[in-house]
Amino acid sequence: MLLLIHGAPGAWWGYMNMLDDTVLQKKFHIVSVDRLGYGNSWLKRRRPISSIETQARCLLSVFELNHSSEPAIVLGRSYGAPIAAAMAAMQPEAVKQLIMISPVIDPEKEKFYWFSKYGRNRLIQLFLPREFNTATAEKYKHSEELRKMLPIWEKLTMPVVVIQGGNDWIGDPVNIEFAKSKIPSLRSQYITIPKAGHMLTFSHLDMIRQIILTTNKHRQKNISIDLAAGGVAR
């Protein structure tokens with residue numbers, strides 16, 4: 001199974017290019033989900049769910065769809081990255097590899113913009129799609145939720161790949177340094193693409209596909225790859 005977890009806002013169809021990838025289809029059962037409060041997900045209450053732990057726990061049942069002999073590869077991008085990490089920490093036996101793309105995981109580096117505050121206006125919210133209101137609720141609780149996650153990172157002993165764009169204006173590029181300092185896995189890859197932005201699953205799909213296809217090939221100590229330096233591991 002290849003499990004894809006979207007960011008905020010987002011929906012399962014945000015990974016359509018990966019779902020339609022014929023190379024990945026030949027090797028994986030690809031599952032893309034709608035997180036709580038997005039797409040076709042259903043809530044008993046109207047209030048958005050901003051808890052990373054709750055979002056992660058509600059997705060654990062997806063692992064039951066994995067009928068292969070191998071644990072799943074879990075890929076999360078942006079705000080979906082910490083949720084993917086939380087799932088991997090909760091059920092490490094179900095996860096073969098964790099991949100975090102453009103992760104927003106450092107509680108001290110949450111970015112806010114001039115328009116962010118308007119999304120909290122209740123009058124404006126009446127005219128916005130539910131996904132945008134859920135994303136706003138997540139954003140203003142995200143730093144707090146990431147601090148709650150601090151003890152979780154040390155539980156990630158499976159292979160982990162973190163890919164970050166150097167020109168990412170949504171997630172601070174320093175998030176990759178946070179990952180290096182917190183994740184204990186000795187089979188980790190940290191890849192920086194200096195001129196890339198936030199939407200790496202679109203701009204660098206070929207590279208991400210290759211990483212997925214070569215899962216567990218890297219068994220040495222932590223490596224970091226800077227593509228501006230010719231892709232040399234160090």
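In this chain, numbering begins with 1 at the start of the sequence shown. Hydrogens, waters and symmetry mates play no part in the numbers below; they use all other heavy atoms, side chains included.
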Tabulate below the donor-acceptor pairs under 3.5 Å that side-chain atoms of residues 152-165 make, not counting sequence neighbours, or state none.
| unit_1 | atom_1 | unit_2 | atom_2 | d |
| --- | --- | --- | --- | --- |
| Gln164 | NE2 | Asp168 | OD2 | 3.1 |

TODO: Please step through side-chain contact (heavy atoms from CB on, under 4.5 Å) for the pair Gln25 and Leu19, ending with a clear verdict.
DONE: CA-CA 7 Å; Gln25 287 175 353; Leu19 291 165; 5.8 Å; no

Taking side-chain contact (heavy atoms from CB on, under 4.5 Å) as the definition, give me every residue that meets it alongside [X], ordered by chain and number, with sequence neighbours left out.
| X | answer |
| --- | --- |
| Asn167 | Lys195 |
| Ser203 | Leu200 |
| Asp20 | Met16 |

Decide whether [X] and [Y] are clustered together by the hydrophobic rule: side chain heavy atoms of Ile, Leu, Val, Met, Phe, Trp, Tyr closer than 4.5 Å, transitively.
| X | Y | result |
| --- | --- | --- |
| Ile5 | Leu65 | yes |
| Leu213 | Met207 | yes |
| Val174 | Ile183 | no |
| Met100 | Leu150 | yes |
| Trp13 | Ile208 | yes |

Could you check whether any side-chain heavy atom of [X] comes within less than 4.5 Å of a side-chain heavy atom of [Y], counting everything from C-beta outward?
| X | Y | value |
| --- | --- | --- |
| Pro107 | Phe178 | yes |
| Pro71 | Glu93 | no |
| Ile99 | Val74 | no |
| His142 | Tyr79 | yes |
| Val33 | Leu59 | yes |
| Leu2 | His29 | no |
| Ile212 | Ile73 | yes |
| Met1 | Ile30 | no |

Check whether any side-chain N or O of [X] sits under 3.5 Å from a backbone N or O of [Y] as a donor-acceptor pair, and report yes or no.
| X | Y | answer |
| --- | --- | --- |
| Asn175 | Val104 | no |
| Ser185 | Arg187 | yes |
| Ser102 | His198 | yes |
| Glu145 | Ile52 | yes |
| Ser32 | Trp12 | yes |
| Arg35 | His6 | yes |

Taking atom [atom1] of [X] and atom [atom2] of [Y], what is their separation to the nearest 0.5 Å?
| X | Y | atom1 | atom2 | answer |
| --- | --- | --- | --- | --- |
| Asn17 | Arg209 | CG | CZ | 9.0 Å |
| Asp106 | Leu146 | CG | CG | 8.0 Å |
| Met149 | Ile105 | CE | CD1 | 8.0 Å |
| Lys148 | Ser143 | NZ | OG | 12.0 Å |

Identify the heavy atoms of [X] and [Y] that sit nearest to each other, and give their distance.
| X | Y | answer |
| --- | --- | --- |
| Ile211 | Gln97 | O-OE1, 4.3 Å |
| Cys58 | Ser61 | O-OG, 3.9 Å |
| Ala196 | His204 | CB-CE1, 3.6 Å |

- [ ] Name all pairs fulfilling the salt bridge (charged side-chain N to carboxylate O under 4.0 Å, His left out) condition that reach into residues 55-82, sequence neighbours left out, sorted by first residue then second.
- [x] Glu53-Arg57, Glu70-Lys96

TODO: Give a yes or no on whether a salt bridge exists between Lys141 and Glu144, defined as a side-chain N under 4.0 angstrom from a carboxylate O.
DONE: yes

- [ ] Considering only NZ, NE, NH1 and NH2 on the basic side and carboxylate oxygens on the acidic side, decide whether Lys109 and Glu177 come within less than 4.0 Å.
- [x] no

Task: Remaining members of the apolar cluster that contains Phe202, side-chain heavy atoms under 4.5 Å - done: Met199

